[in-house]
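Have a look at the structure below before the remarks.
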There are 2 protein chains.
Amino acid sequence: MKDVAAAAGVALKTVSRVVNEEPGVNPATAERVLSAIERLGYRRNESARVLRRGRTASIGLVIEDVADPFYSGISRAVEDVALRHGSLVLSGSSGEEPRRERELVLTFCSRRVDGLIIVPAGTDHGYLRPELDAGIPAVFADRPGGLDVDTVICDNKGGAHTGVTHLIRHGHRRVAFLGDSASIFTAAERLYGYRRAVEDAGLPVDESLVAMGPPGRAGPALTRMLAGDDPPTAVFTGNGRITVAVLRTGHRLPMVGFDDFELADLLVPGVTVVAQDPARLGRAAAELLFRRIMGGPGAAERIELPTRLIPRGSGELRP
Amino acid sequence: MKDVAAAAGVALKTVSRVVNEEPGVNPATAERVLSAIERLGYRRNESARVLRRGRTASIGLVIEDVADPFYSGISRAVEDVALRHGSLVLSGSSGEEPRRERELVLTFCSRRVDGLIIVPAGTDHGYLRPELDAGIPAVFADRPGGLDVDTVICDNKGGAHTGVTHLIRHGHRRVAFLGDSASIFTAAERLYGYRRAVEDAGLPVDESLVAMGPPGRAGPALTRMLAGDDPPTAVFTGNGRITVAVLRTGHRLPMVGFDDFELADLLVPGVTVVAQDPARLGRAAAELLFRRIMGGPGAAERIELPTRLIPRGSGELRP
DNA sequence: GGGATCGATGACAACGTTGTCAACAGCGGG
DNA sequence: CCCGCTGTTGACAACGTTGTCATCGATCCC
């Protein structure tokens, strides 16, 4: 900028004015400055600008894994909203490790992001306190983070309840539940919804029909159940990865899965799912965040998005 | 930092030393400083640090769309490599719009990223010249960008050639090609590979069997071909999205698709594909970039990754 | 014609950090 | 006892930008 000023024969401040399109610069002068900028290939140094102004025009996004379509859907939606607000997105994958999440968040904070959107990995988010107190707004997405902070989640219980009830209505009395590790909030909620649905139908909850754990374990778990004395006649899967794992086992059991996925309609039979809307979730979280960044007042909000049952065949099979 | 120094009763510089774990600080003093840091919830201001030191420890990544599994695979791999180098990833989706790509790149540059990985959207990347001259290394991924810059791409021609030849070997003499818009590098290359394969087999290239355009158009195009006088007996699809579009039409034509996708093996018949490895592509690009960032010398490299034919049934059907 | 107003421009400090260099105390060797 | 060395600490400038305030000539109104 100094060089530009020298080349254009004006003061530093005038260049600054031109670059920021501030009013009150003689068009002729501005023209001279612009041509000098062009000639020298000058680019404003954003770090210095941030240092001086305090606002970075960027937000941090911590998800579990960009390569998972559910999270990349969120990611894209957040990016779009950020773009509309002239903001950039710093993002990172926590891989479900609380330590990595914490690391990412702190890195983002020391880069002075204007706000954070976090898919919480662990349960203890106390490390966020100082940041929140320092005035960095945060939004939890997909799962609550245990702090009094804006949160956007799905109706996990309700969705699972709907899906399981759907199977029961089609005549199943023994529905298995295959969920992700019980330590994950969404998995626990969905399990709760499953139990409620079974109870509400007046059926006994049989714990031998429930298996929680990482997706890789779901297939074997189902196989064991089917080999038992009183096997399930249908299965409800707790998320997209588990649904796929079960499909891959080749058991052609009637099923309903949580999470929609591409090609679910092209399999035979089509896979009935309880769909979430990741784009909507991301959008809601980002909009909430920007409202806070712009000084939106009030207590922490908690938005719960609905789910939608999409019948495609696999969930309508009778025992 | 000033406050920390005051609280600990030491000079600014000493706090800086502690924060950066520089040697030559009395352990007792360091302890005092650390406790002050803890007490005040101090976080180093990265902008100021960047301003002072010149290195940002972050790289920029411009892809087409995070929500596309091919690109999110790349994204994840880049993130992992960056993590190993202690670097952060700024990323953005260009949506195949050259203007947006340019905007993103320039934004990244003014934030002084240490380097760029770009999936080029347009053909004119002249706007990058000043940045390159300013010493910001860049790597083009998936497609060349028309500049003399490190580039990592797939063997598009070879992959298409292999896939089409596979169909011909199974007795097809009229193979249709459905590709993405011809202006996209990879689409053009794959078309070229298709033509070569047809010619190499001594068959006539029939332009009425070729349709290029956005994925949404692929289905209707195929339907038109099939309604013609001399319809194709098999189809080669130019990328994952087009493959899915074709599958959705319900025509059960023998086919081979470029790009692997989840569940390709669960459809009936399984979908034979020519697979790329997005993770490997992302990793290669990122490693190349970091080598440059650390001052790796020499002329621009061009890496071409192989593809792999995965037979699953749809490509082995006879006419 | 004189003072007020306005438009254009510049000088300067400050943002929070780190690199450079100097200061100072304590210590051992001659 | 003096010199030089080591270990520890601090003062200060600089990074590139922007906000504040001052300057200066021109214009305008009475």
Side-chain angles (χ1 to χ4, degrees), chain A residues 1-34 36-37 40-58 86 106-114 130-131 134-136, chain B residues 1-34 36-37 40-58 86 106-114 130-131 134-136:
Chain A
M1 184 142 136
K2 205 167 46 179
D3 300 338
V4 173
V10 299
L12 222 59
K13 181 65 211 191
T14 302
V15 179
S16 171
R17 274 192 263 259
V18 172
V19 170
N20 291 297
E21 300 178 359
E22 288 174 33
V25 178
N26 189 309
T29 317
E31 189 46 52
R32 249 184 20 253
V33 172
L34 286 173
I37 286 178
L40 299 176
Y42 164 81
R43 239 37 116 197
R44 175 170 62 195
N45 182 324
E46 212 66 21
S47 303
R49 180 169 217 251
V50 165
L51 176 58
R52 187 61 233 255
R53 315 223 322 185
R55 272 286 169 93
T56 58
S58 59
L106 295 184
T107 308
F108 290 160
C109 285
S110 64
R111 298 201 180 218
R112 295 295 186 274
V113 292
D114 298 331
E131 318 301 341
I136 299 188
Chain B
M1 184 141 133
K2 206 168 44 179
D3 300 339
V4 174
V10 298
L12 222 58
K13 180 64 210 189
T14 302
V15 179
S16 171
R17 275 193 263 261
V18 172
V19 170
N20 292 296
E21 299 178 0
E22 287 174 34
V25 177
N26 189 312
T29 316
E31 191 44 56
R32 248 184 21 252
V33 171
L34 286 174
I37 285 179
L40 299 177
Y42 164 81
R43 235 45 108 196
R44 175 169 64 194
N45 182 324
E46 211 65 20
S47 302
R49 180 167 217 251
V50 165
L51 175 59
R52 186 62 233 253
R53 316 223 322 184
R55 271 286 170 92
T56 57
S58 59
L106 295 183
T107 308
F108 291 160
C109 286
S110 63
R111 296 194 183 225
R112 294 297 185 273
V113 292
D114 297 331
E131 319 302 342
I136 300 189

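Labels below follow one simple rule: chain letters A, B, ... track the order of the sequence lines, proteins then strands, and each chain is numbered from 1.
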DNA chain D: 5'-proximal contact among B:Ala11 and B:Arg112 (nearest heavy atom): B:Ala11
Integer-rounded Å distance: C:dA11 P and A:Lys2 NZ: 14 Å
Sugar-phosphate only, base, or nothing, as touched by B:Val25 at under 4.0 Å among non-hydrogen atoms: sugar-phosphate
Interatomic distance, B:Arg32 CZ vs D:dT8 P [rounded to whole Å]: 14 Å
Nearest heavy atoms of B:Val18 and B:Ala30, plus distance in Å: CG2-CA, 4.0 Å
Position toward the 5' end of DNA chain D (nearest nucleotide), B:Ala48 or B:Lys13: B:Lys13
side-chain N/O A:Asn20 vs D:dT18 OP1/OP2, d < 4.0 Å: yes
d(CD, B:Glu31; C1', D:dT8) in whole Å: 17 Å
Presence of A:Arg49 side-chain N/O under 4.0 Å of D:dT18 phosphate oxygens OP1/OP2: yes
d(CZ, A:Arg17; C1', D:dT20) in whole Å: 11 Å
Under 3.5 Å: donor-acceptor pair, side chain of A:Arg17, backbone of A:Glu22: no
A:Glu21 CD - D:dT18 P separation (whole Å): 12 Å
Sugar-phosphate only, base, or nothing, as touched by B:Arg44 at under 4.0 Å among non-hydrogen atoms: sugar-phosphate
Sugar-phosphate, base or nothing in reach of B:Ser47, heavy atoms under 4.0 Å: nothing
For atom CG of A:Leu12 and atom P of D:dT18, their distance in whole Å: 9 Å
Sugar-phosphate, base or nothing in reach of A:Ser16, heavy atoms under 4.0 Å: base
Side chain B:Arg52 and base D:dG16 donor-acceptor under 3.5 Å: no
Sugar-phosphate only, base, or nothing, as touched by A:Val50 at under 4.0 Å among non-hydrogen atoms: nothing
Sub-4.5 Å side-chain heavy-atom contact between A:Arg43 and B:Leu106: yes
B:Val50 side chain reached by A:Arg111 side chain, heavy atoms, under 4.5 Å: no
Residue-phosphate contact under 4.0 Å: A:Thr14 side-chain N/O, C:dG10 OP1/OP2: yes
A:Leu51 CG - D:dT17 P separation (whole Å): 11 Å
Any A:Asn45 side-chain nitrogen or oxygen under 4.0 Å from OP1 or OP2 of D:dC15: no
Spacing of B:Arg55 atom CZ relative to C:dT17 atom P, expressed in whole Å: 21 Å
Reported CG-to-OG distance for the pair B:Asn45 and A:Ser110, which is rounded to 0.5 angstrom: 8.5 Å
